[in-house]
Amino acid sequence: MDARQAEKRIEKLRRVINHHRYLYHVLDRQEISDAALDSLKHELAKLESEFPQFITPDSPTQRVGGKPLEKFVKVKHKVRQWSFGDVFDEDEIRKFDERIKKALEKDLGHRPQLDYVCELKIDGFKIVLTYEKGILIMAATRGDGLVGEDVTQNVKTIESIPLKLEKEIDVVVEGEIWMSKKEFQRLNAEREKKGDPLFANPRNVAAGSIRQLNPQVAAFRKLNSFMYDMTLLKTKASSISRQPETQYKELELLRELGFKVNPHCENIEEVISFWKEWMKKRDKMDYWIDGVAVKLNKREWQDKLGYTGKAPRFAIAFKFPAEQATTVLEAIKVQVGRTGVLTPVAVLRPVSLAGSVVSRATLHNESEIKRLDARIGDTVIVQKAGDVIPEVVSIIKELRSGNEKIFKMPQKCPICGSPLERSAGSPLVRCPNKRCAVRHRRQLYHFASKKAFNIEGMGPKILDALLDNGLIEDAADIFDLKEGDLEPLERFAEKSAKNLVEAVNERKKI
């Protein structure tokens, strides 16, 4: 076979393989056997190895390839990424609908009839895909909404994500990566055989897989996807000139481009019915669902409503009720925060809740403990709503034995011994000592965290080592650190010391 014949055969093989990939991984249909499809892939790989000049980034052979990365590179998003606000019951979703109607009424001069698009809210890991002329050039994590990490190699291993779109357009596509319950069970069965710790839930595995430096790990774990949003990038070369007029049409376009979607169009009462229906049957699906994503359908009205500081006004996450479990309150410990406020924390007998094992929960403050009448030794109901810290919501007093102990808030700071202050009319108790060791540490933890200076690699354990070894006393000292200061420490080799100093230097100018 000469080069010209090979090029034609390679093009045909790619078209056929992509057709069957789309049928199987997006439409859940199958026209040929797995063995036959594997045979076509094998032929394509063989031809590309003989004629490497014809290998392209969108070839099916490029889904699993490349050497393991040394680290993930940060990338700036072309389109700002937002979080959704949450509602948890019918009252709250109706108030959301009313807010939108009032806002639009002021602008339009009349009260509009609204319809919404509902999508099952997959409990997975958000991904942002960038295509140029229809070719996948970048896959990135959400990060802080402005900057994420380049995870393109790992995302290429996901068969339901096309490497080449059906149209030559420049577009940013957002969606969710998830692992099926079946695949999750398979992975855990293998880990159990090896004596490895079991994974807690599919969401964590999906997120962990995408953040593996070796793409072979992500390929082995067989992840899946749903896409739910797209933004056309304005270029003359694009074959689609404008954004679809409605959210529903946008999802239909995503389907036409080759993505997996799951839209439903409803008014607000139908939204509530849809939410109730899926609350009952969510466990029957092969993926975890934690609610329903609700978006105003009409694009023009979405644009009129705009965004708050962190979320769209035209969309909301209609979450299923928080999961609850019962366990025993074994102790109450007091934690000193960075502002000096003391927070009582419930030490619980470990219990599985919302897919993870919980052994701590907040009790908020002394007033909340009194309101609950919580005592050490009580059987308590604990709940977790989404990513919110678990909390004790009530006590089952009927199960008391009489040996339970009443908790009393300390009169002095448990760390530095300073007398505590109580503000009039406030339930908060505070340590006034600004140099209190734990308070000072927590301030530094916050300073280096993503919410503040975002110094990569400088977590609480590293800061503890720097403080304990006298290398820093306050935040300003962090910026004077040298590689030679760090290398003698137990946690640092030459390379890691260099990486941390570089990360610090990058944040000198914010």
Side-chain angles (χ1 to χ4, degrees), residues 86 88-89 123 197-198 200-201 203-204 290 319-423 425-431 433 436-443 445-446 449 451 459-461 464:
D86 293 336
F88 289 88
D89 59 41
D123 195 9
L198 300 187
N201 58 60
R203 178 191 62 244
N204 290 358
D290 61 0
K319 292 287 196 71
F320 296 136
E323 291 192 30
Q324 295 187 338
T326 59
T327 187
V328 174
L329 175 58
E330 295 185 328
I332 298 177
K333 293 188 175 180
V334 175
Q335 183 174 287
V336 182
R338 65 185 175 87
T339 62
V341 171
L342 272 65
T343 303
V345 176
V347 179
L348 305 171
R349 183 175 296 166
V351 62
S352 181
L353 183 67
S356 58
V357 176
V358 170
S359 58
R360 294 284 190 280
T362 182
L363 284 162
H364 299 291
N365 52 54
E366 188 177 23
S367 297
E368 179 67 0
I369 293 175
K370 287 178 180 176
R371 186 190 71 79
L372 291 167
D373 189 21
R375 302 178 186 184
I376 296 164
D378 271 338
T379 298
V380 300
I381 295 175
V382 60
Q383 79 173 14
K384 186 180 180 187
D387 293 327
V388 177
I389 297 167
E391 62 177 349
V392 175
V393 293
S394 62
I395 312 299
I396 305 177
K397 295 179 182 177
E398 295 84 351
L399 293 176
R400 281 182 173 166
S401 64
N403 296 321
E404 292 77 15
K405 296 178 183 177
I406 294 173
F407 171 77
K408 289 185 179 179
M409 204 73 169
Q411 298 300 306
K412 294 183 179 180
C413 174
I415 306 302
C416 68
S418 299
L420 299 176
E421 290 182 352
R422 298 167 188 264
S423 303
S426 170
L428 303 181
V429 180
R430 191 185 304 272
C431 171
N433 179 10
C436 176
V438 168
R439 183 176 174 182
H440 180 53
R441 283 183 187 240
R442 290 188 183 278
Q443 287 171 342
Y445 296 170
H446 175 74
S449 73
K451 291 181 180 179
K461 289 184 179 177
D464 284 344

What's the separation between atom [atom1] in [X] and atom [atom2] in [Y], rounded to the nearest 0.5 Å?
{"X": "Ile332", "Y": "Met409", "atom1": "CD1", "atom2": "CE", "answer": "9.5 Å"}
{"X": "Lys333", "Y": "Leu342", "atom1": "NZ", "atom2": "CG", "answer": "14.5 Å"}
{"X": "Ile376", "Y": "Glu330", "atom1": "CD1", "atom2": "CD", "answer": "11.0 Å"}
{"X": "Ile396", "Y": "Thr327", "atom1": "CD1", "atom2": "OG1", "answer": "10.5 Å"}
{"X": "Arg400", "Y": "Ile395", "atom1": "CZ", "atom2": "CD1", "answer": "7.0 Å"}
{"X": "Lys461", "Y": "Asp464", "atom1": "NZ", "atom2": "CG", "answer": "9.5 Å"}

By the definition salt bridge (charged side-chain N to carboxylate O under 4.0 Å, His left out), identify the one residue from Arg375, Lys370, Arg371 that meets it with Asp373.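 That would be Arg375.
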Give the minimum heavy-atom separation between [X] and [Y], together with the two atoms involved.
{"X": "Cys413", "Y": "Val336", "value": "SG-CG2, 4.2 Å"}
{"X": "Lys412", "Y": "Leu420", "value": "C-CG, 3.7 Å"}
{"X": "Phe88", "Y": "Phe320", "value": "CD2-O, 3.8 Å"}
{"X": "Glu404", "Y": "Gly377", "value": "CG-C, 3.7 Å"}

side-chain contact (heavy atoms from CB on, under 4.5 Å) between Val334 and Thr343, worked out: CA-CA 6 Å; Val334 175; Thr343 303; over 6 Å; no
Decide side-chain contact (heavy atoms from CB on, under 4.5 Å) for Ile369 and Glu366; before the verdict, give the C-alpha distance in whole Å, the side-chain angles of both, and the deciding distance to 0.1 Å. CA-CA 5 Å; Ile369 293 175; Glu366 188 177 23; 5.6 Å; no
Taking C-beta and beyond as the side chain, do Ser418 and Cys436 meet within less than 4.5 Å on heavy atoms?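 Answer no - side chains too far apart.
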Are any of the side-chain heavy atoms of Leu363 and Leu372 separated by less than 4.5 Å? yes
Sidechain-backbone polar pair: Arg422 side chain, Leu428 backbone, donor-acceptor under 3.5 Å: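 No, Arg422 side chain to Leu428 backbone: no donor-acceptor pair under 3.5 Å.
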Short question: side chain of Asn204, backbone of Asn201 - any donor-acceptor pair under 3.5 Å? no
Check side-chain contact (heavy atoms from CB on, under 4.5 Å) between Val345 and all other residues, then give those that pass, not counting sequence neighbours. Gln335, Arg360
Who are the side-chain contact (heavy atoms from CB on, under 4.5 Å) partners of Arg338, not counting sequence neighbours?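 Listed in chain order: Arg442, Gln443, His446.
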Heavy-atom count around Arg349 CZ within 6.0 Å, excluding the residue itself: above 12?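 Open: at most 12 neighbouring heavy atoms sit under 6.0 Å from CZ of Arg349.
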Just to verify, which of Val380, Val328, Val382 counts as forming a side-chain contact (heavy atoms from CB on, under 4.5 Å) with Val351?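 Exactly one option meets the side-chain contact (heavy atoms from CB on, under 4.5 Å) with Val351, and it is Val382.
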